[in-house]
J.: 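The structure follows.
Here, residue 1 is the first one in the sequence, and each next residue gets the next number. From a predicted model like this one, the values you see are computed outputs, not experimental measurements. Note that ligands are numbered from 1 as they come in the structure, with each ligand's atoms numbered from 1 the same way.
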Amino acid sequence: MTPKTNTAQLPKDVLLDLQDVKVSFETREGTVTAVNGVSYKVRPGEVLGIVGESGSGKSVTVRAIMRLLAKNAIEGPKGSIRFNPNGDQTYDLHELSRDNRQIRALRGNRIGMIFQEPMTALSPVHSIGSQISRTVMLHRKSTKAEARARARDLLERVQLPNPDLMLDRFPHQLSGGMRQRAMIALALACDPSLLIADEPTTALDVTTEAQILELLKSLQAELGMAIIFITHNFGVVADIADRVAVMYLGQIVETGDVDDIFYAPKHPYTQALLQSIPRLGQKKVRRLKTIRGSVPDPYHIPSGCPFHNRCDHADAALCTQERPPLRGFDNGQEARCHFAGQLPEASL
Ligand SMILES: Nc1ncnc2c1ncn2[C@@H]1O[C@H](COP(=O)(O)OP(=O)(O)OP(=O)(O)O)[C@@H](O)[C@H]1O
Ligand SMILES: [Mg+2]
């Protein structure tokens with residue numbers, strides 16, 4: 001039997017605590033490591049933005065939290081995913097199987113999830129109203145009429161026009177932006193303490209994206225739940241997050257408060273990402289940089305620091321051989337780089 005780690009009660013001011021989460025997949029081509037020792041914390045009511053290029057392990061990490069990993073996934077034995085939804089009872093989700101009774105009671109209830117593509121979460125054959133009411137009735141003692149009233153209230157909260165009519169609409173009868181609002185209503189059906197939003201606005205046009213972001217921000221302020229907001233768009237993170245975690249090849253390479261990450265990034269990867277996006281109010285005119293090379297194939301992750309082959313500051317001896325430790329700074333910022341804090345300030 002694998003040893004249980006870290007099942008201790010979390011303090012009240014920590015809602016979720018991931019320690020050393022590892023996930024690999026067995027495939028015909030061999031074993032691919034998608035998440036390689038991820039640790040992060042989410043505090044009640046805060047918005048944690050997770051940024052990283054495609055394939056960096058953002059979705060696999062949250063699937064591990066929800067216990068919705070694919071069948072070919074293998075998790076590291078040492079990790080822990082502690083969740084403290086009400087402040088007084090800690091669950092180690094890492095120990096729970098996909099169909100475990102406890103996780104089924106938490107999913108959709110204390111943890112809500114919204115996805116990039118609403119059709120993957122919404123049933124095409126049930127009306128919006130019945131999908132929300134059923135979730136309410138599954139987790140809360142309520143009559144059909146009470147659950148329907150709650151569904152109507154939620155549709156109004158997510159600012160869908162004419163909520164009474166919307167209750168009986170089917171997902172295919174709504175536009176993309178309306179479907180995303182309906183999915184947010186479903187995710188909020190039971191007042192979760194944690195909402196996981198995995199690229200919820202990527203498939204939308206920019207105007208609708210801005211509206212959905214505004215909606216999420218106002219709901220967060222009103223209801224006070226914590227949000228893990230996953231995106232590859234730094235601009236979106238700046239808009240919504242309190243703290244940011246930057247992922248690269250299955251690792252968190254930098255975390256910190258959103259302003260610290262934006263104005264004083266310490267990891268060369270974060271610096272390069274920020275230099276590659278246009279910024280309003282920029283002092284001098286400059287060309288946008290591109291990050292040289294491409295994300296390495298996850299079957300062949302480079303030794304040492306996985307970013308060394310794309311980094312302008314890499315030391316041929318140290319960075320190619322030794323995996324850098326996470327270095328902490330007084331402002332709470334952390335960066336996984338041998339030279340964090342010693343590099344020249346990036347010109348952003
Ligand atoms: N079931 C699976 N079998 C094999 N490999 C998988 C499986 N699921 C994910 N992966 C691999 O794990 C890695 C991380 O995937 P993940 O979906 O977490 O990336 P992501 O950061 O969410 O990217 P994106 O921004 O494109 O959504 C990728 O290399 C992906 O191919
Ligand atoms: Mg993803």
J.: Do Ser193 and Phe83 have side chains that get closer than 4.5 Å, going by heavy atoms?
T.: yes
J.: Considering heavy atoms of the protein only, find what lies nearest to atom 25 (O) of ligand 1 and give residue, atom and distance to 0.1 Å.
T.: Lys58 NZ, 2.8 Å
J.: For atom 9 (C) of ligand 1, what's the nearest protein heavy atom and its distance?
T.: Phe25 CE1, 3.6 Å
J.: Please determine whether the number of non-hydrogen atoms from other residues, nucleotides or ligands lying under 6.0 Å from atom NZ of Lys217 exceeds 12.
T.: yes
J.: Taking atom types as modelled, is there a side-chain donor on Ser39 or Asp20 under 3.5 Å from an acceptor on the other?
T.: no
J.: Taking non-hydrogen atoms only, is Asn72 closer than 4.0 angstrom to ligand 1 via side chain, backbone, both or neither?
T.: side chain
J.: I need the nearest protein heavy-atom contact for atom 29 (O) of ligand 1: residue, atom name and distance, please.
T.: Pro298 CG, 3.5 Å
J.: Measuring from the heavy atoms of Ser56, does anything fall under 4.0 Å of ligand 1?
T.: yes
J.: Check ligand 1 against Thr27 and write out every atom of the ligand that is under 4.0 Å from a heavy-atom position of the residue.
T.: 4 (C)
J.: For the 3.5 Å polar cut-off, considering only N or O atoms, please tell me whether Gly57 and ligand 1 meet it.
T.: yes
J.: Mark the output for Glu199 as yes if a heavy-atom distance to ligand 1 is under 4.0 Å, and as no if none is.
T.: yes
J.: Determine whether Leu155 and Leu216 fall in the same hydrophobic cluster, where Ile, Leu, Val, Met, Phe, Trp and Tyr are linked whenever their side-chain heavy atoms lie under 4.5 Å apart.
T.: yes
J.: Quick one: look up the protein heavy atom nearest atom 16 (P) of ligand 1 and list residue, atom name and how far away it is.
T.: Val60 CG2, 3.8 Å
J.: Looking only at side-chain N and O atoms, does Glu254 offer a donor or acceptor that is under 3.5 Å from a partner on Thr270?
T.: yes
J.: Are Ile240 and Val246 grouped together when hydrophobic residues (ILVMFWY) are joined by side-chain heavy atoms under 4.5 angstrom apart?
T.: no
J.: Are any side-chain N or O atoms of Asn233 and backbone N or O atoms of Gly235, one a donor and one an acceptor, separated by less than 3.5 Å?
T.: yes
J.: Find all atoms of ligand 1 within a distance of less than 4.0 Å from any non-hydrogen atom belonging to Ala34, and give their numbers and elements.
T.: 12 (O), 13 (C), 14 (C)
J.: Classify the ring geometry of Tyr269 against Tyr248: parallel below 30°, tilted from 30° to 60°, perpendicular beyond 60°.
T.: tilted
J.: Which is closest to atom 14 (C) of ligand 1 in terms of heavy atoms, Ala70, Ser54, Gly55?
T.: Gly55
J.: Looking only at protein heavy atoms, which one is nearest to atom 17 (O) of ligand 1, and how far off is it?
T.: Ser59 CB, 3.7 Å
J.: For residues Val14 and Arg43, determine if any side-chain heavy atom of one lies less than 4.5 Å from a side-chain heavy atom of the other.
T.: yes
J.: I'd like to know if the Mg ion (ligand 2) has an N/O/S atom from Ser59 within less than 2.8 Å of it, counting both backbone and side-chain atoms.
T.: yes
